[in-house]
Asks: 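Can you read through this structure? Questions will come right after.
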Number of protein chains: 2
Amino acid sequence: MEKQHNLSKNQKIIFDLIDKSPEPLKAYSILFNVQKKGINAPLQVYRALDKLVEIGKIHKIESRNAFIACQNSSCQISKATAFSICESCEKVSEISNTKLSKYLSNFADQAGMKYSKYNLEFFGLCKKCKSK
Amino acid sequence: MEKQHNLSKNQKIIFDLIDKSPEPLKAYSILFNVQKKGINAPLQVYRALDKLVEIGKIHKIESRNAFIACQNSSCQISKATAFSICESCEKVSEISNTKLSKYLSNFADQAGMKYSKYNLEFFGLCKKCKSK
DNA sequence: TTGTAAATGTTATATTATTACATTGTGTTA
DNA sequence: TAACACAATGTAATAATATAACATTTACAA
Ligand SMILES: [Zn+2]
Ligand SMILES: [Zn+2]
Ligand SMILES: [Zn+2]
Ligand SMILES: [Zn+2]
């Protein structure tokens, strides 16, 4: 049984916004959108984002400095993440592929390093953009 | 035969600095270090970095906003990159593993997206830090 | 109820990256 | 060589992303 995380007020406001969004949101765009709810400063946004990332409710798309809700119900913690990113329309999807995640989780290189986490970002054209 | 890229003056100064560095360098740390060589503005650094990334001489470590020289002689273009990152000492190495790169280059997900590029970052503890 | 950790509020500041515009260098081809 | 096109440079201003420092409040369990 996973630990239940009761989101705080700010965390909930910000998670709901990201969760409803069809595309990854940037921190200052989030800030702009939640000012009517009383969240006024960047730090309030970044603190909520940090916590939401930590508990796996959202992920950061590193190449875009943007945040997306976890689309994988079993992905409670952001230890093994993979995304596909369309370089034309910027659509981002979380990849949920057992074979891939097993392959990467078991990967061990020559340097004797043991990994506890990975993040993978694929780039290309989505179906829609490809057929244009 | 790969296209030969003759680096320009600024590109060479900045590449040499990154290439000599044992760790990834950040843009403004690069700027600070090349001011004695007549490079005075952030944009001069970012332009050189962009070009060096484009031709595959360096890679950007997205999770760190830092740049590392390509450690893989066959990696002329940054289309398929993988790194290991020590979360304790911040040591970064480029992973060069044919099986891994083949696996990822051939990966196709359900969404019908065809990928032209990927970037993978593994996190953990390096040998040294693990044994502390 | 009291101690502790988490979350919040607020101001200021640090860090990373780009826009806009003018100029100079480099290599190709008429 | 002259003319052109394109890459690279120089400079100033500003945008976008993220954190430091400090005071206060809330949640919740011992
Ligand atoms: Zn997820
Ligand atoms: Zn697309
Ligand atoms: Zn490389
Ligand atoms: Zn280490």
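Reminder, nothing fancy here: chain letters follow the sequence lines and each chain counts from 1.
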Asks: Taking Leu25(A)'s backbone N and O only, do any of them form a donor-acceptor pair with Ser29(A)'s side chain (distance below 3.5 Å, no angle check)?
Replies: no
Asks: Using a 4.0 Å heavy-atom cut-off, does Lys60(A) contact any base of the nucleic acid, only the sugar-phosphate backbone, or nothing at all?
Replies: sugar-phosphate
Asks: Heavy atoms from C-beta onward define the side chain here; which of dT16(C), dA7(C), dG10(D) lies closest to that of Tyr46(B)?
Replies: dT16(C)
Asks: Given the structure, check if the side chain of Tyr28(A) and the base of dA15(D) hold any donor-acceptor pair shorter than 3.5 Å.
Replies: no
Asks: Find which nucleotide of DNA chain D each of Lys9(B) and Asn65(B) is nearest to by heavy atoms, and output the residue with the more 5' nucleotide.
Replies: Lys9(B)
Asks: Name the closest nucleotide to the Pro42(A) side chain, picking from dT18(C), dT17(D), dT19(D).
Replies: dT19(D)
Asks: If only atom types and distance count, is the side chain of Lys26(B) paired as donor or acceptor with the main-chain N or O of Arg64(B) below 3.5 Å?
Replies: yes
Asks: Taking the basic N atoms (NZ, or NE/NH1/NH2) and the acidic carboxylate oxygens, is any pair closer than 4.0 Å for Lys12(B) and Asp16(B)?
Replies: yes
Asks: Atom CD1 of Ile61(A) and atom CD of Glu94(A): how far apart are they, to the nearest 0.5 Å?
Replies: 7.5 Å
Asks: So, does Lys51(B) get its side chain near the phosphate of dA8(D), meaning an N or O under 4.0 Å from OP1 or OP2?
Replies: yes
Asks: Respond yes when some side-chain nitrogen or oxygen of Asn6(A) is under 4.0 Å from OP1 or OP2 of dA27(D), and no when none is.
Replies: no
Asks: Please tell me which of the listed nucleotides, dT9(D), dA20(D), dA18(D), lies nearest to the side chain of Gln11(B)?
Replies: dT9(D)
Asks: Using the closest heavy atom to pick a nucleotide of DNA chain C for each, name whichever of Arg64(B) or Asn40(A) lands nearer the 5' end.
Replies: Asn40(A)
Asks: In terms of side-chain heavy atoms of Arg47(B), which of dT9(D), dA7(C), dT19(C) is nearest?
Replies: dT9(D)
